[in-house]
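Heads up: the structure comes next, in structure tokens.
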Amino acid sequence: MLEVRQVRGGHDRADVLHAVSLDIAPGETLALLGPNGAGKSTLMAALSGTLARRSGTIRLDGEDISSLPSHLIVSRGLALVPEGRHMFSPFTVADNLRLGAIRLPQPTRARLAERHEFVFGLFPRLAERRSQLAGTLSGGEQQMVAIARALMSSPRMLLLDEPFLGLAPRVVEEIHQALDALRSTGLAMLLVEQKLDIALTFARRACVMVKGRIVLEASSAELAARDDLGELYFKLARAATRG
Ligand SMILES: Nc1ncnc2c1ncn2[C@@H]1O[C@H](COP(=O)(O)OP(=O)(O)O)[C@@H](O)[C@H]1O
Ligand SMILES: [Mg+2]
């Protein structure tokens with residue numbers, strides 16, 4: 001589904017990403033773990049085409065999307081739910097969804113209606129609040145809008161950058177359930193998450209990024225069975241520094 005090979009890149013002259021490679025199978029959920037500043041969001045930007053300077057190869061269902069601009073990457077079926085949600089705050093929920101649908105391939109009236117029905121089915125609360133300004137919603141509701149907005153383009157693969165950050169446990173649970181429902185539709189997902197327990201219960205496989213490198217890749221069961229997980233980041237960070 002997604003094939004990432006030797007991706008390098010950064011925001012200014014120094015590389016943040018050092019030859020990152022990873023694979024996601026159709027319908028698979030992969031968790032990307034790693035401490036703050038590891039480069040997880042930078043990788044999301046590279047994959048979604050918003051990182052100006054990048055090299056390496058990114059293939060989506062075999063098609064090389066490495067040098068496509070971000071709007072074409074969305075219309076190919078890869079959508080990002082960015083870190084910090086990035087709502088269009090002065091716009092209503094409905095407007096935010098409409099903006100998400102701009103890259104929907106063949107945006108017929110029926111297709112748009114189907115997309116609305118899908119996201120409102122997933123997050124019924126958004127249907128109730130469709131005329132409310134996004135900026136006046138709670139954090140959890142804003143996260144729902146961010147996910148719904150990405151889903152309006154009918155993606156086959158969804159990148160989620162720390163969707164649970166700063167949310168109350170009850171809302172985390174609610175969004176977790178929505179993501180479970182999405183997974184059961186066959187949507188492939190790459191979930192960036194700092195909390196191991198959330199990541200490992202959500203994804204079957206996880207990789208750990210430290211200082212712009214994937215330093216570990218394992219099944220979630222394997223990772224969960226380690227009793228030194230707390231120290232793991234620290235050790236890996238040291239190893240990455242030496243390497
Ligand atoms: N817009 C930016 N301009 C310059 N440097 C950035 C920018 N965003 C992130 N960085 C730097 O890139 C590195 C990786 O950051 P980031 O990808 O946000 O990490 P993570 O998402 O894993 O916390 C950090 O050193 C950070 O300071
Ligand atoms: Mg980040």
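The structure presented is a predicted model; accordingly, all values stated were derived computationally and were not measured.
Follow the hydrophobic side-chain contacts under 4.5 Å out from Leu97 and you reach Leu122 in the same cluster. When hydrophobic clusters are built by joining Ile, Leu, Val, Met, Phe, Trp and Tyr residues whose side-chain heavy atoms come closer than 4.5 Å, directly or via intermediates, Leu43 is not grouped with Val210. Clustering ILVMFWY residues whenever any of their side-chain heavy atoms sit less than 4.5 angstrom apart, transitively, puts Leu78 in the very cluster that holds Val7. If you chain together hydrophobic residues whose side chains sit under 4.5 Å apart, Leu60 and Leu160 never meet in one group.
Aromatic ring pairs are classed by plane angle as parallel below 30°, tilted from 30° to 60° and perpendicular above 60°; the pair Phe164 and His176 is tilted. Ring pair Phe88/Phe91 is perpendicular by interplanar angle, where above 60° counts as perpendicular and below 30° as parallel.
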Run the side-chain contact (heavy atoms from CB on, under 4.5 Å) test on Met157 and Leu190 for me, step by step, so that the C-alpha distance in whole Å, both residues' side-chain angles and the decisive distance to 0.1 Å come before the verdict.
CA-CA 8 Å; Met157 160 119 227; Leu190 175 57; 3.9 Å; yes
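Distance alone, capped at 3.5 Å, places no donor-acceptor pair between the Arg8 side chain and the Gly56 backbone. When atom types are taken as modelled, the side chain of Arg54 and the backbone of Ser66 share a donor-acceptor pair closer than 3.5 angstrom. Without hydrogens or angle criteria, Lys195 side chain to Leu165 main chain gives no donor-acceptor distance under 3.5 Å. Side-chain atoms of Arg103 do not come within 3.5 Å of backbone N or O of Ala79 as any donor-acceptor pair.
By the 4.0 Å N-to-carboxylate-O rule, Arg125 lies too far from Glu128 to be salt-bridged with it. Using a 4.0 Å cut-off between charged nitrogen and carboxylate oxygen, Glu217 and Arg205 count as a salt-bridge pair. Salt bridge annotation for Asp95-Arg149: absent, with no cationic side-chain nitrogen under 4.0 angstrom from a carboxylate oxygen.
Between Met209 and Val20, the closest heavy-atom pair is CE-CG2, 3.7 Å. The shortest heavy-atom contact between Cys207 and Ile214 is CB-CG2, 3.8 Å. Across all non-hydrogen atoms, the minimal contact from Ala188 to Ile24 is CB-CG2, 4.3 Å. Between Gly140 and Leu167 the shortest heavy-atom distance is N-CD2, 3.6 Å.
To the nearest 0.5 Å, the span separating OG on Ser55 from CD on Gln6 amounts to 9.0 Å. Taken from CD1 in Ile198 to CG in Leu191, the straight-line distance is 8.5 Å, to the nearest 0.5 Å.
Shown here is Glu117, whose CD atom has no more than 12 heavy atoms of other residues, nucleotides or ligands within 6.0 Å. Within a 6.0 Å sphere centred on CZ of Arg5, heavy atoms belonging to other residues, nucleotides or ligands number more than 12.
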